[in-house]
Number of protein chains: 2
Amino acid sequence: MGTSALAGDPGLDRLLMKMRARDIVDAREEDVLRDSVAEVRESRAGRIIIRAGAMIGGCTLLLDGLVCRYRDLADGQRQIMELHVAGDFLDLHSFLLKRLEHHVGAMTPVRYAIVPHQRVREITERHPHLTRLLWFQTLLDAAIHRERIISVGRRSAVGRIAHLLCEMFVRLEIVGMTDGNRYALPLTQGDLADATGLTSVHVNRMLKRLRDEALLTFRGGQVAIHDWDRLQRVAEFDPAYLYLERLPR
Amino acid sequence: MGTSALAGDPGLDRLLMKMRARDIVDAREEDVLRDSVAEVRESRAGRIIIRAGAMIGGCTLLLDGLVCRYRDLADGQRQIMELHVAGDFLDLHSFLLKRLEHHVGAMTPVRYAIVPHQRVREITERHPHLTRLLWFQTLLDAAIHRERIISVGRRSAVGRIAHLLCEMFVRLEIVGMTDGNRYALPLTQGDLADATGLTSVHVNRMLKRLRDEALLTFRGGQVAIHDWDRLQRVAEFDPAYLYLERLPR
DNA sequence: CGTTCCGTTGACGGCATTCAAGGTCCGTGG
DNA sequence: CCACGGACCTTGAATGCCGTCAACGGAACG
């Protein structure tokens, strides 16, 4: 597939790893995906990649970096709804929604690929199984959203943070981006607060508690998990919502 | 379409109203949907319709009644993630997820139709546009989830309740189930608390405040909105996330 | 070498929870 | 007919988790 803008890029491979953790993706489907990429772009940390309300012509596949979906409220508060890592589509839902009600912002320098909506549309016309695989990815986002609702709705402050860090560990493990019990999560404590519905001050205290209780360390954008079992219990983390079963979809 | 189990049922018509608020659904697609229904079932208030973790063979379309998706936590707390009204698919996502990580429970007596996964699969093989319309419905659920994350994460207690009651008004209006500024929402204050991440005691106080400020009345499962503009402002409610535009999808 | 962003910690305050008691409504059965 | 129980609503008082305000330290950067 020499025409691909992505030949050998690890970003697309990570998407395939995510998909193959849940179903079979055959070589032809892989080629279709590779050939669907129109171009690769970059952006700097702090930039908005996709602006809320803007009409969108293509879906964005994150190749490298950390990204979040968020919205700002009238009083200046911010809520991060989801974090995205390499291999994630940032806005596959834009294919049918046409515009988004939230921003998509880069937390780090990022590289991403564009898949024009027209190509996705062609996939829905010609490749039913691949269509279902893409649909499935958006259902995964929704399941992650639901878990976040539970976190901010009912979990304690430590629980929320612990849960988020458990989730990111598992999601990064799927795409081969963990290093033993450690992984990179280049966020500030303020970002973590916006993702968990807390304040940065309180996040700071809860991180200290998690450290003191030898559950995990979060420092300099690096997470080290010291006691996975106890952490999971504190977070009430059950990875069932990530649907890590290879089933025909 | 005399073979349909649903000939003339208002439940399926409500699904069509939802879809037609966002795109065109032609007569052939309407027939395909009608013919996809295998059977109609009923259930009593308080019953679980779909149990978390169970393998699922068909999708459920709510014809009548009020339903919620929820999960219970270890300490007995409950979080409701979404409310469903007639015309909503309760578990279209089960088509690809195969099982759900949350329960689906009846808040009132309900009637619902079953669409076997096999039929949905056939739609994805033969009817790309109808497939996109179904996919779109699941994306709408995700958008509603995101709005709930913002509510429980960052909105005040009054704001959360106000927002939920704004949302239900608009969603019920789409399917023709409002009566001027009033609509039926047969929930207890405890249910409302589980949906907003509050306690029933506090919900009670906030409802009193909304009443005292002449914004809305919630009593006996009936909502009456007295000042939509001010309520919208209190809730910071912007219906953009419901994607009420007729666009080719 | 000042500026800025981030992390850390303490004191205080407030919103929501918890605990508790009493009220209403309604279906059930004596 | 009415006593009774149960589910839900209402309200007050006390508690507590998390937020706000504030000050300071360190690291990165221009």
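A, B, ... follow the sequence lines: proteins, then strands. Residue 1 opens every chain.
- OP1 or OP2 of dG7(C) has not a single side-chain nitrogen or oxygen of Arg211(A) nearer than 4.0 Å.
- Between Asn204(B) and dT10(D) there is a side-chain polar atom (N or O) within less than 4.0 angstrom of OP1 or OP2.
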Any chance you could list the contact pattern along nucleotides 23-29 of chain D? Use B for base contacts, S for sugar-phosphate-only contacts and - for none, protein heavy atoms under 4.0 Å, 5' to 3'. -------
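- Note: CG (Leu192(B)) to P (dC8(D)) measures 13 Å, nearest angstrom.
- Atom CZ of Arg209(B) has 12 or fewer heavy atoms from other residues, nucleotides or ligands within 6.0 Å.
- Ranking dC6(C), dT8(C), dT11(D) by closeness to the Lys208(B) side chain, first place goes to dT11(D).
- In this structure, Asp91(A) contributes its side chain and Thr60(A) its backbone to a donor-acceptor pair below 3.5 Å.
- No option in Ile161(A), Thr217(A), Val158(A), Asp212(A) other than Ile161(A) meets the side chain to side chain contact (heavy atoms under 4.5 Å, CB included) test with Leu207(A).
- Rounding to whole angstrom units, CZ of residue Arg219(A) and P of dG7(C) are separated by 10 Å.
- An OP1 or OP2 oxygen of dC5(C) is reached within less than 4.0 angstrom by no side-chain nitrogen or oxygen of Gln189(A).
- Residues Asp191(B) and Arg78(B) are not paired through a salt bridge, judged by the lack of any N-O separation under 4.0 Å between the basic side chain and the carboxylate.
- With no hydrogens or angles considered, a side-chain donor-acceptor pair links Glu147(B) and His163(B) at under 3.5 Å.
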At under 4.0 Å between heavy atoms, which parts of nucleotides 12-20 of chain C does protein reach? Answer with one letter per nucleotide, 5' to 3': B base, S sugar-phosphate only, - none. ----BBBB-
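- With Glu236(B) contributing its side chain and Ala74(A) its backbone, the two residues share a donor-acceptor pair below 3.5 Å.
- Although no hydrogens or angles enter the test, the distance criterion places a donor-acceptor pair under 3.5 Å between the side chain of Arg160(B) and the main chain of Arg155(B).
- Applying the side chain to side chain contact (heavy atoms under 4.5 Å, CB included) test between Arg14(B) and each of Leu63(B), Asp88(B), Leu61(B), Val175(B) identifies Val175(B) as the sole match.
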